[in-house]
Amino acid sequence: MTKTENIEAQEKDLDHGESLLAKLALEAELADYSPVKGCMVIRPYGYAIWEQIQSSLDKMIKETGHENAYFPLLIPESFLKKEAEHVEGFAPECAVVTYGGGKELEEKLVIRPTSETIINHMFSKWIHSYRDLPLLLNQWANIVRWEMKTRLFLRTTEFLWQEGHTAHATFEEANEETIKMLGVYKTLSEEYLAVPVIDGIKTESQRFAGAVTTYCIEGLMKDGKALQMGTSHYLGQNFAKAFDTKFQDQNSQLQYVHQTSWGVSTRLIGAVIMTHNDEKGLKLPPKIAPIQIVIVPIYKEAHEKDLVLNKCKEILRNLKSDFRVKIDDREQYTPGWKFNHWEVKGVPIRLNLGPKDIANNVVEVVRRDTNQKIKSVPQDGLKQYLMNLSTEIQETLFTQAKEFLNRNTFTVINENEFSTKIPSGGFLVGFWCENSVCEEILKQKYKATIRCIPFKVPVDQMKEEGYCIVCNKTSKQNVVFAKAY
RNA sequence: CGGGAAGUAGCUCAACUUGGUAGAGCGUCCGUUUCGGGUGCGGAAGGCCGCAGGUUCAAAUCCUGUCUUCCCGACCA
C-alpha cells in the first residue's frame, strides 16, 4: 500500500471521521462547544466563512426573484398540528416553551424547527388572487431541532440556515421552482464550496414531513460517509389545505396554492471541512475563504524590518481591491510558526516575503491546495498571477474532490456485493424495487440508506434494467446507497 | 435514550488504587537570543481539581446525584 492509499484508507475509517471533524473545527477556531448540549458557538473565523457562503447564496436567491423577510422564532403549538405528517415528523425534535412572564402559558409555543406553518398562516392572509402569485420569499434564521447525537456543524440542536418559501398558482410552476432552487444549491456547492454533489429525489422514507417530493444534493465526505447538503421540497397543496391558503384564479375559481420550500444550513461548513483537509489542517476554497491571501513578512535585522513591512504593505494595497488579503505582522511569532498557523486555518494562498525576494523583485507563493511552494514569482504582474492561481486552486479543490467521489462510487448488483462494499464507505449505485421494505432491510442490516434516486446515474455503463439488490425483483430504478451523517 | 470512556493551569495530561491543602510539558507574560518551516536560554504569573450534595478531624482522591464532551447503538438537515 502506498503512502497516499494509506492516508486515504485512514481517512475513510468511519470511526475517525467524527473526531477529525471536531479536531479541524476546534483547531482552526471555527467553533467551540457551548455549555448546553448540542449547541455550538460559531467563532469569528467560522462565522466569516458562513458570511461568505451567505452573501454568495443570498445574491443567487435574489437573482432568482426572491425577497428576504423574517418570521418569528416562536410558533403556536397548534400550528404544527395542522398538517398531520408534518407534526408527526417534527414533534419528537421540537423544543417547546411552556412558561413566559413568570406563568404557565395558555398555549405552548414551539421554537421553530422550520417555518412552513407560520409562513402559511401569513400567506393565507396575504394571498387572495392569482395576481398575488407567485409569492417568493426567503428568510435567514436560526432553528432548533432537538438532537440525540450532535456533531459540530453537521448536526447541532440549534443551527443557522436559510429557508425559502414560495407559493404558486400551478403544479408546473411550483415544481419548476423546486428544481430551479436545487440547481442553485448545486451551483453553490460545486462552484463555491468546491464540493461535488449528486442531485436527485428522496425516497418516501427520507422525504420531508409534509412534502410531496423532496429533492436533494448529496456530497461524499472524505471518510466515505454521505452528507445531505441541501433539500428542496415540492409541498403540493398539503400546507395550503391545512392553512386554507387559497386564491381566486382568472376564472374566479377558488384554488389552493402550490408551494415549495428549500434550505441549506451551516452544515455546508461541515461539508467543506470534511471535503477539503489534509494532515496539516483545512483547505478553504478561495471563493468562501475569509482570508484568501496571507502575507508573511520575513526579516532579521532591524533595518530589514521596515523595508520588508513596507513592501508587504505595498503589495497589500495592490491586491486589496481584488482579494481578501491580510499581512501577519505579529512580532511575537516566527515566520515558521505563522506558516503552520495559516495552514491549519486553510488560507488558500500564502506569500512569503523577505529581503532576498525584495532584492530580486519577487515573492514566494505557497498554495494550500497542493502545498506547492513557488519561489521567485515576479512582483510585476503579481495581481494577475494570483487571480489566475486563485481560480486554479478553486478548480483543483473541486477536481480533487470530484475524483475522490468518482473513485468511491461503485456499482453493486446484489446484497452480497453490497455487504462487502458498504463498510468502507462511498456511494453504491444499484437497482432498487421501489419497495420501502427493501430499503428498511438495508438500513437495519447495514445502517445504510438510499441517499437519492439520482437525476443522472453517477456511473458509466449502467444497465437500464436489473434486479433489486435486496429482493431480486426486476427493476428499472437505479438508486444511490450510502452510510450517511 | 441505552452501553463504554473522560472532565485537574489556556492546551495535553500526571497525582486518585492506599484521603493529609496540586505537578509536568507545551502555551502565556518579562528579559535576552532568533526570524526563509512550530527558535534557544533565563525568570515569572497562572488551578474552588466540571457542578451539587454526602461520608470524614480532613476529599482532586471515597459515595450519590447532575451537567458537558468523546466512542458504540436506536431518531434526524
Side-chain angles (χ1 to χ4, degrees), chain A residues 13-23 26-27 29 32-40 88-94 113-114 142-163 185 202 205-209 214 216-219 226-233 261-271 280-281 296-302 304-305 308 328-344 350-360 362-364 366 371 373 375-376 443-444 447 449 451 484-485:
Chain A
D13 184 339
L14 301 183
D15 296 339
H16 287 85
E18 188 160 338
S19 49
L20 175 68
L21 170 72
K23 183 172 164 264
L26 295 170
E27 275 184 0
E29 299 177 319
D32 206 345
Y33 294 107
S34 91
V36 178
K37 180 180 174 166
C39 295
M40 73 171 173
E88 196 188 326
F90 280 105
E93 29 181 336
C94 282
T114 179
N142 58 335
I143 59 176
V144 166
R145 295 180 187 176
W146 218 258
E147 292 291 347
M148 305 286 182
K149 190 165 183 172
T150 59
R151 295 174 173 118
L152 290 180
F153 289 108
L154 295 188
R155 171 164 295 107
T156 48
T157 288
E158 179 189 5
F159 58 92
L160 305 183
W161 79 342
Q162 137 299 298
E163 49 180 322
Y185 289 160
K202 283 291 185 192
S205 71
Q206 302 269 324
R207 190 189 295 154
F208 175 78
T214 289
C216 65
I217 53 171
E218 295 278 329
L227 182 73
Q228 179 173 307
M229 292 174 60
T231 49
S232 184
H233 317 288
S261 70
W262 27 274
V264 294
S265 70
T266 37
R267 175 179 265 190
L268 292 179
I269 298 173
K280 291 181 174 189
V296 177
I298 298 158
Y299 51 84
K300 251 186 260 203
E301 316 289 331
E304 290 173 343
K305 181 179 161 183
V308 171
D328 187 353
D329 57 1
R330 291 177 292 180
E331 305 250 4
Q332 64 269 40
Y333 297 112
T334 60
W337 189 94
K338 292 172 185 175
F339 297 166
N340 285 284
H341 177 76
W342 295 111
E343 279 161 1
V344 167
R350 189 177 72 242
L351 305 183
N352 299 339
L353 190 76
K356 292 177 212 163
D357 303 301
I358 293 173
N360 296 320
V362 296
V363 295
E364 183 173 278
V366 187
N371 292 314
K373 194 177 268 187
K375 292 182 185 292
S376 305
K443 193 176 169 187
Q444 293 303 324
K447 291 161 188 62
T449 48
R451 301 317 303 159
Y485 272 105

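On a predicted model such as this, the values are computed, not experimentally measured, just so you know. Every chain is numbered from 1 and lettered A, B, ... according to where its sequence line falls, protein lines coming before strand lines.
Between the side chain of Asn352(A) and the base of G36(B), no donor-acceptor pair under 3.5 Å is found. A donor-acceptor contact under 3.5 Å links the side chain of Glu343(A) to the base of G37(B). Checked by distance alone, Lys373(A) brings a side-chain donor or acceptor within 3.5 Å of a matching partner on the base of G37(B).
Across all strands shown, Ile143(A) has no heavy atoms under 4.0 Å from either base or sugar-phosphate atoms. Nucleic acid contact class of Glu93(A) (heavy atoms, under 4.0 Å, all strands): sugar-phosphate only. Residue-level contact check: Arg350(A) touches the bases, meaning some heavy atom is under 4.0 Å from a base atom. Within the nucleic acid shown, Phe159(A) comes within 4.0 Å of at least one base atom, counting heavy atoms only.
Whole-Å rounding puts the Gln332(A) CD to U34(B) C1' distance at 15 Å. Taking atom CD of residue Glu29(A) and atom P of nucleotide C11(B), one finds them 12 Å apart after rounding to whole Å.
Contact annotation: Thr334(A) side-chain N/O to G38(B) OP1/OP2 distance is not under 4.0 Å. When the side-chain nitrogen and oxygen atoms of Lys300(A) are compared with OP1 and OP2 of U33(B), none of them lie within a distance under 4.0 Å.
Side-chain atoms of Asn340(A) never come within 3.5 Å of backbone atoms of Trp337(A) as a donor-acceptor pair (strictly under, hydrogens ignored).
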Please list, for nucleotides 65-69 of chain B, all pairs of protein and nucleotide N/O atoms separated by less than 3.5 Å.
from, atom 1, to, atom 2, distance (Å)
U68(B), OP1, Lys37(A), N, 3.2
U69(B), OP1, Gly38(A), N, 3.0
U69(B), O3', Tyr33(A), OH, 3.3

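Closest to the side chain of Pro355(A), out of G37(B), A74(B), G36(B), is G36(B).
Applying the ring pair (Phe, Tyr, Trp, His ring centres under 6.0 Å) test to Phe208(A) and every residue at least two apart in sequence or in another chain returns His86(A), Phe90(A), His233(A).
Consecutive pairing runs in RNA chain B reach the stem threshold at B:1-7 with B:67-73, B:10-13 with B:23-26, B:28-32 with B:40-44, B:50-54 with B:62-66, where a stem means at least three Watson-Crick or G-U wobble pairs with distances under 3.5 Å.
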